[in-house]
Amino acid sequence: MTEQLPVSKSTATKAAALPDAQTVTEVKHWTDRLFSFRVSRPQSLRFRSGEFVMIGLLKDDGRPLLRAYSIASPAWDEELEFYSIKVQDGPLTSRLQHIKPGDQIILRPKPVGTLVHDALLPGKRLWFFSTGTGIAPFASLIREPQTYEDYEQIILTHTCRDVADLEYGRLLVESLKDDPLIGELVGDKLVYYPTTTREPSAKTGRITDLLTSKDVFKDLGIQTMHPDTDRAMVCGSLGLNTDMKAILEGYGLREGANSDPAEYVVEKAFVG
Ligand code: A2P
(Lines give C-alpha, C1' and ligand atoms only; values in the text may rest on other atoms or scores of the structure.)
Protein backbone atom coordinates (compact mmCIF):
# COMPACT_ATOMS: atom_id res chain seq x y z
CA MET A 1 0.00 0.00 0.00
CA THR A 2 1.38 3.40 -0.94
CA GLU A 3 1.25 6.08 1.59
CA GLN A 4 -0.66 9.18 0.49
CA LEU A 5 1.38 12.28 0.92
CA PRO A 6 -0.37 15.19 2.57
CA VAL A 7 -0.84 18.17 0.23
CA SER A 8 1.73 20.72 1.25
CA LYS A 9 0.54 24.18 2.18
CA SER A 10 2.33 25.75 -0.78
CA THR A 11 0.71 23.34 -3.29
CA ALA A 12 -2.71 24.02 -1.85
CA THR A 13 -2.15 27.75 -2.08
CA LYS A 14 -1.05 27.42 -5.70
CA ALA A 15 -4.14 25.36 -6.54
CA ALA A 16 -6.40 27.94 -4.94
CA ALA A 17 -4.69 30.72 -6.88
CA LEU A 18 -5.05 28.95 -10.25
CA PRO A 19 -6.05 31.59 -12.77
CA ASP A 20 -9.42 31.87 -14.48
CA ALA A 21 -9.22 30.12 -17.85
CA GLN A 22 -11.29 31.23 -20.86
CA THR A 23 -11.51 29.57 -24.26
CA VAL A 24 -10.42 31.29 -27.46
CA THR A 25 -13.26 31.25 -30.02
CA GLU A 26 -11.82 33.28 -32.91
CA VAL A 27 -8.51 34.81 -34.02
CA LYS A 28 -7.98 37.31 -36.87
CA HIS A 29 -4.58 38.46 -38.05
CA TRP A 30 -4.80 41.95 -39.56
CA THR A 31 -1.12 42.60 -40.32
CA ASP A 32 2.18 41.09 -39.20
CA ARG A 33 1.97 43.50 -36.21
CA LEU A 34 -1.75 43.38 -35.31
CA PHE A 35 -4.33 40.74 -34.43
CA SER A 36 -7.67 40.49 -32.68
CA PHE A 37 -9.27 37.57 -30.88
CA ARG A 38 -12.43 36.60 -29.08
CA VAL A 39 -12.75 34.48 -25.96
CA SER A 40 -15.58 33.06 -23.87
CA ARG A 41 -16.96 35.45 -21.24
CA PRO A 42 -17.12 34.41 -17.60
CA GLN A 43 -20.79 34.39 -16.61
CA SER A 44 -20.09 36.53 -13.58
CA LEU A 45 -18.16 39.22 -15.49
CA ARG A 46 -19.94 42.58 -15.58
CA PHE A 47 -18.08 45.56 -17.04
CA ARG A 48 -18.69 49.02 -18.43
CA SER A 49 -17.88 49.51 -22.12
CA GLY A 50 -14.38 51.05 -22.30
CA GLU A 51 -12.88 49.22 -19.31
CA PHE A 52 -9.88 46.90 -19.31
CA VAL A 53 -8.98 43.58 -17.65
CA MET A 54 -5.78 41.63 -17.08
CA ILE A 55 -5.30 38.74 -19.49
CA GLY A 56 -2.40 36.44 -20.26
CA LEU A 57 -0.89 32.99 -20.39
CA LEU A 58 0.87 30.64 -18.02
CA LYS A 59 4.66 30.82 -18.11
CA ASP A 60 6.80 27.66 -18.24
CA ASP A 61 7.25 27.88 -14.47
CA GLY A 62 3.46 27.72 -14.03
CA ARG A 63 3.04 31.35 -13.01
CA PRO A 64 0.66 33.61 -14.91
CA LEU A 65 2.04 36.36 -17.17
CA LEU A 66 -0.64 39.05 -17.37
CA ARG A 67 -1.02 42.40 -19.11
CA ALA A 68 -3.77 45.02 -19.16
CA TYR A 69 -6.01 44.79 -22.22
CA SER A 70 -8.98 46.98 -23.05
CA ILE A 71 -12.08 44.96 -23.77
CA ALA A 72 -12.88 45.80 -27.42
CA SER A 73 -16.36 44.28 -27.36
CA PRO A 74 -19.36 46.08 -25.84
CA ALA A 75 -20.81 45.21 -22.44
CA TRP A 76 -23.80 43.42 -24.02
CA ASP A 77 -21.72 40.97 -26.09
CA GLU A 78 -21.78 37.28 -25.06
CA GLU A 79 -18.05 36.96 -25.75
CA LEU A 80 -15.06 39.21 -25.10
CA GLU A 81 -12.95 40.70 -27.89
CA PHE A 82 -9.39 42.01 -27.66
CA TYR A 83 -7.14 43.84 -30.14
CA SER A 84 -3.40 43.42 -29.76
CA ILE A 85 -0.04 44.21 -31.23
CA LYS A 86 2.50 41.44 -31.85
CA VAL A 87 5.91 42.20 -30.40
CA GLN A 88 8.34 39.54 -31.57
CA ASP A 89 10.40 39.66 -28.37
CA GLY A 90 7.53 40.81 -26.12
CA PRO A 91 7.16 38.45 -23.14
CA LEU A 92 3.41 37.99 -23.64
CA THR A 93 2.53 38.93 -27.23
CA SER A 94 5.35 36.83 -28.75
CA ARG A 95 3.34 33.83 -27.46
CA LEU A 96 -0.19 35.24 -27.44
CA GLN A 97 -0.05 35.88 -31.21
CA HIS A 98 0.00 32.10 -31.77
CA ILE A 99 -3.27 31.31 -29.95
CA LYS A 100 -5.88 29.33 -31.89
CA PRO A 101 -9.60 28.67 -31.35
CA GLY A 102 -9.96 26.09 -28.58
CA ASP A 103 -6.85 27.31 -26.70
CA GLN A 104 -7.20 28.71 -23.20
CA ILE A 105 -6.03 32.06 -21.91
CA ILE A 106 -6.15 33.50 -18.40
CA LEU A 107 -8.59 36.33 -17.71
CA ARG A 108 -8.87 38.04 -14.35
CA PRO A 109 -12.51 39.17 -14.11
CA LYS A 110 -11.81 42.52 -12.45
CA PRO A 111 -12.62 45.26 -14.97
CA VAL A 112 -11.33 48.79 -14.32
CA GLY A 113 -10.58 51.95 -16.28
CA THR A 114 -11.29 55.61 -16.82
CA LEU A 115 -12.58 55.53 -20.42
CA VAL A 116 -16.17 55.17 -19.28
CA HIS A 117 -19.24 57.35 -19.67
CA ASP A 118 -19.47 57.78 -15.89
CA ALA A 119 -16.20 59.76 -15.88
CA LEU A 120 -17.58 62.47 -18.19
CA LEU A 121 -20.12 65.19 -17.51
CA PRO A 122 -23.07 65.34 -19.94
CA GLY A 123 -22.22 66.93 -23.29
CA LYS A 124 -23.28 67.15 -26.93
CA ARG A 125 -20.30 65.89 -28.92
CA LEU A 126 -18.00 63.05 -27.89
CA TRP A 127 -14.51 62.68 -29.37
CA PHE A 128 -12.61 59.38 -29.30
CA PHE A 129 -8.91 60.04 -30.07
CA SER A 130 -6.80 56.91 -30.66
CA THR A 131 -3.54 55.68 -32.11
CA GLY A 132 -2.65 52.07 -32.95
CA THR A 133 -4.28 49.52 -30.62
CA GLY A 134 -5.61 52.43 -28.57
CA ILE A 135 -8.75 52.08 -30.66
CA ALA A 136 -9.73 48.99 -28.60
CA PRO A 137 -11.79 50.70 -25.85
CA PHE A 138 -13.54 52.76 -28.54
CA ALA A 139 -14.33 49.58 -30.50
CA SER A 140 -16.34 48.75 -27.38
CA LEU A 141 -17.83 52.22 -26.87
CA ILE A 142 -18.98 52.69 -30.50
CA ARG A 143 -21.03 49.51 -30.04
CA GLU A 144 -22.49 50.73 -26.73
CA PRO A 145 -26.08 52.07 -26.98
CA GLN A 146 -25.45 54.64 -24.22
CA THR A 147 -22.91 56.39 -26.47
CA TYR A 148 -25.69 57.27 -28.93
CA GLU A 149 -28.32 57.94 -26.28
CA ASP A 150 -26.08 60.45 -24.46
CA TYR A 151 -24.54 62.35 -27.41
CA GLU A 152 -25.68 64.04 -30.62
CA GLN A 153 -22.43 63.35 -32.43
CA ILE A 154 -19.53 60.95 -31.90
CA ILE A 155 -16.20 61.41 -33.68
CA LEU A 156 -13.73 58.53 -33.75
CA THR A 157 -10.23 59.49 -34.85
CA HIS A 158 -7.63 56.79 -35.43
CA THR A 159 -4.03 57.55 -36.37
CA CYS A 160 -1.81 54.70 -37.54
CA ARG A 161 1.43 54.35 -39.44
CA ASP A 162 0.01 52.52 -42.46
CA VAL A 163 -3.32 52.06 -44.21
CA ALA A 164 -3.44 48.34 -43.32
CA ASP A 165 -3.27 49.27 -39.60
CA LEU A 166 -6.63 51.03 -39.96
CA GLU A 167 -8.47 47.96 -41.29
CA TYR A 168 -9.78 46.61 -37.96
CA GLY A 169 -11.41 49.94 -37.08
CA ARG A 170 -12.56 50.72 -40.61
CA LEU A 171 -14.39 47.40 -41.01
CA LEU A 172 -15.92 47.70 -37.56
CA VAL A 173 -17.28 51.20 -38.24
CA GLU A 174 -18.59 50.06 -41.62
CA SER A 175 -20.36 47.08 -40.07
CA LEU A 176 -22.25 49.21 -37.55
CA LYS A 177 -24.63 50.66 -40.14
CA ASP A 178 -26.14 47.22 -40.70
CA ASP A 179 -25.84 46.00 -37.12
CA PRO A 180 -29.24 44.59 -36.13
CA LEU A 181 -28.79 45.64 -32.49
CA ILE A 182 -27.46 49.19 -32.69
CA GLY A 183 -27.44 50.11 -36.41
CA GLU A 184 -30.49 52.33 -36.04
CA LEU A 185 -29.12 54.07 -32.94
CA VAL A 186 -25.82 54.80 -34.69
CA GLY A 187 -27.57 56.32 -37.71
CA ASP A 188 -25.34 59.13 -38.97
CA LYS A 189 -24.18 60.16 -35.49
CA LEU A 190 -20.83 58.40 -35.79
CA VAL A 191 -18.10 60.15 -37.77
CA TYR A 192 -14.94 58.20 -38.55
CA TYR A 193 -11.70 60.18 -39.10
CA PRO A 194 -8.75 57.87 -39.91
CA THR A 195 -5.28 59.26 -40.61
CA THR A 196 -1.93 57.69 -41.50
CA THR A 197 1.55 59.02 -40.82
CA ARG A 198 3.94 56.82 -42.79
CA GLU A 199 1.95 55.90 -45.87
CA PRO A 200 -0.11 58.19 -48.08
CA SER A 201 -3.88 57.92 -47.58
CA ALA A 202 -6.98 60.11 -47.85
CA LYS A 203 -5.76 62.00 -44.75
CA THR A 204 -2.15 62.00 -43.67
CA GLY A 205 -0.67 63.39 -40.46
CA ARG A 206 -0.87 62.94 -36.71
CA ILE A 207 -4.26 63.85 -35.27
CA THR A 208 -2.50 66.24 -32.90
CA ASP A 209 -1.01 68.20 -35.82
CA LEU A 210 -4.32 68.13 -37.68
CA LEU A 211 -6.02 69.60 -34.62
CA THR A 212 -3.39 72.29 -34.19
CA SER A 213 -3.68 73.26 -37.87
CA LYS A 214 -7.50 73.12 -37.51
CA ASP A 215 -7.70 70.75 -40.50
CA VAL A 216 -9.94 68.42 -38.47
CA PHE A 217 -12.46 71.18 -37.82
CA LYS A 218 -12.41 72.27 -41.48
CA ASP A 219 -12.79 68.67 -42.69
CA LEU A 220 -15.70 67.97 -40.36
CA GLY A 221 -17.43 71.33 -40.57
CA ILE A 222 -16.99 71.99 -36.86
CA GLN A 223 -16.13 75.47 -35.62
CA THR A 224 -14.11 74.63 -32.53
CA MET A 225 -14.09 72.67 -29.27
CA HIS A 226 -15.78 74.07 -26.19
CA PRO A 227 -16.07 72.77 -22.61
CA ASP A 228 -19.83 73.37 -22.65
CA THR A 229 -20.42 70.96 -25.52
CA ASP A 230 -17.38 68.77 -26.21
CA ARG A 231 -16.25 65.67 -24.34
CA ALA A 232 -13.20 63.57 -25.19
CA MET A 233 -11.61 60.22 -24.47
CA VAL A 234 -7.99 59.60 -25.43
CA CYS A 235 -6.20 56.26 -25.76
CA GLY A 236 -2.84 55.67 -27.38
CA SER A 237 0.89 56.08 -26.95
CA LEU A 238 2.30 58.12 -24.11
CA GLY A 239 3.15 60.83 -26.65
CA LEU A 240 -0.42 61.04 -27.95
CA ASN A 241 -1.83 61.19 -24.44
CA THR A 242 0.51 63.98 -23.35
CA ASP A 243 0.02 66.02 -26.52
CA MET A 244 -3.77 65.55 -26.52
CA LYS A 245 -4.04 66.60 -22.88
CA ALA A 246 -2.33 69.90 -23.72
CA ILE A 247 -4.58 70.44 -26.75
CA LEU A 248 -7.80 69.64 -24.84
CA GLU A 249 -6.81 71.78 -21.86
CA GLY A 250 -6.05 74.55 -24.33
CA TYR A 251 -9.74 74.44 -25.28
CA GLY A 252 -10.71 74.62 -21.60
CA LEU A 253 -11.58 70.93 -21.10
CA ARG A 254 -10.58 69.43 -17.73
CA GLU A 255 -9.51 65.86 -16.99
CA GLY A 256 -12.16 63.74 -15.27
CA ALA A 257 -12.20 60.49 -13.34
CA ASN A 258 -14.79 57.99 -12.15
CA SER A 259 -14.99 59.77 -8.81
CA ASP A 260 -14.85 63.26 -10.31
CA PRO A 261 -16.40 63.48 -13.80
CA ALA A 262 -15.27 66.33 -16.06
CA GLU A 263 -14.77 66.97 -19.79
CA TYR A 264 -12.10 64.47 -20.89
CA VAL A 265 -10.40 61.24 -19.82
CA VAL A 266 -7.16 59.52 -20.87
CA GLU A 267 -5.76 56.02 -20.76
CA LYS A 268 -2.54 54.51 -22.06
CA ALA A 269 -2.93 51.80 -24.70
CA PHE A 270 -1.46 48.39 -23.99
CA VAL A 271 2.10 48.42 -25.32
CA GLY A 272 3.53 44.93 -25.51
P1 A2P B 1 4.34 58.66 -36.30
O2 A2P B 1 4.44 57.69 -37.44
O3 A2P B 1 4.48 60.09 -36.75
O4 A2P B 1 5.24 58.34 -35.14
P5 A2P B 1 3.14 53.41 -33.09
O6 A2P B 1 2.93 52.38 -34.16
O7 A2P B 1 4.55 53.86 -32.95
O8 A2P B 1 2.48 53.07 -31.80
O9 A2P B 1 2.36 54.73 -33.59
C10 A2P B 1 1.02 54.67 -33.96
C11 A2P B 1 0.63 55.99 -34.55
O12 A2P B 1 0.63 56.99 -33.53
C13 A2P B 1 1.61 56.47 -35.62
O14 A2P B 1 0.86 56.92 -36.71
C15 A2P B 1 2.36 57.59 -34.93
O16 A2P B 1 2.81 58.60 -35.78
C17 A2P B 1 1.28 58.13 -34.03
N18 A2P B 1 1.82 58.92 -32.91
C19 A2P B 1 2.91 58.67 -32.17
N20 A2P B 1 3.11 59.62 -31.25
C21 A2P B 1 2.12 60.52 -31.41
C22 A2P B 1 1.79 61.75 -30.79
N23 A2P B 1 2.54 62.28 -29.79
N24 A2P B 1 0.69 62.40 -31.23
C25 A2P B 1 -0.04 61.92 -32.23
N26 A2P B 1 0.22 60.78 -32.88
C27 A2P B 1 1.29 60.09 -32.48
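Note that ligands are numbered from 1 as they come in the structure, with each ligand's atoms numbered from 1 the same way. These numbers come from a predicted model, not from an experiment.
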Is the closest side-chain heavy-atom distance between T196 and T159 below 4.5 Å? no
For atom 17 (C) of ligand 1, grab the closest protein heavy atom and report residue, atom and distance to one decimal in Å. T131 CG2, 4.0 Å
Considering the heavy atoms of G239, write down every atom of ligand 1 situated less than 4.0 Å from one of them. 22 (C), 23 (N)
Does E255 come within less than 4.0 Å of K245, counting only side-chain N to carboxylate O? yes
Nearest to atom 11 (C) of ligand 1, what protein heavy atom do you find, and at what distance? T159 O, 3.6 Å
Interfacing atoms of ligand 1 (cut-off 4.0 Å, heavy-atom, D243): 22 (C), 23 (N), 24 (N)
What protein heavy atom sits nearest atom 14 (O) of ligand 1, and how far away is it? T197 OG1, 2.6 Å
Can you tell me how far the CG atom of D77 sits from the CG atom of L181, to the nearest 0.5 Å? 9.0 Å
Without swapping roles, check the side chain of S237 against the backbone of L240 for a donor-acceptor pair under 3.5 Å. yes
Can you report which non-hydrogen protein atom sits closest to atom 25 (C) of ligand 1, along with the distance? T208 OG1, 3.2 Å
4.0 Å protein heavy-atom contact status of atom 8 (O) of ligand 1, strictly under: no
Separation between CH2 (W127) and CD (Q153), nearest 0.5 Å, reads 7.5 Å
So, regarding C160 and ligand 1 (criterion: nitrogen or oxygen to nitrogen or oxygen, under 3.5 Å), is there a contact or not? yes
Distance flag, aromatic centroids of F82 and F37, threshold under 6.0 Å: yes
Would you mind listing which atoms of ligand 1 come within a distance below 4.0 Å of any non-hydrogen atom of R33? 6 (O)
Charged N to carboxylate O below 4.0 Å: is that the case for R143 and E81? yes
Hey, could you give me the CG/NZ distance between L176 and K189, rounded to the nearest 0.5 Å? 14.0 Å
Based purely on interatomic distance, does G132 place a nitrogen or oxygen under 3.5 Å from a nitrogen or oxygen of ligand 1? no
Heavy-atom proximity to atom 21 (C) of ligand 1, best of R206, R198, E199, R161: R206
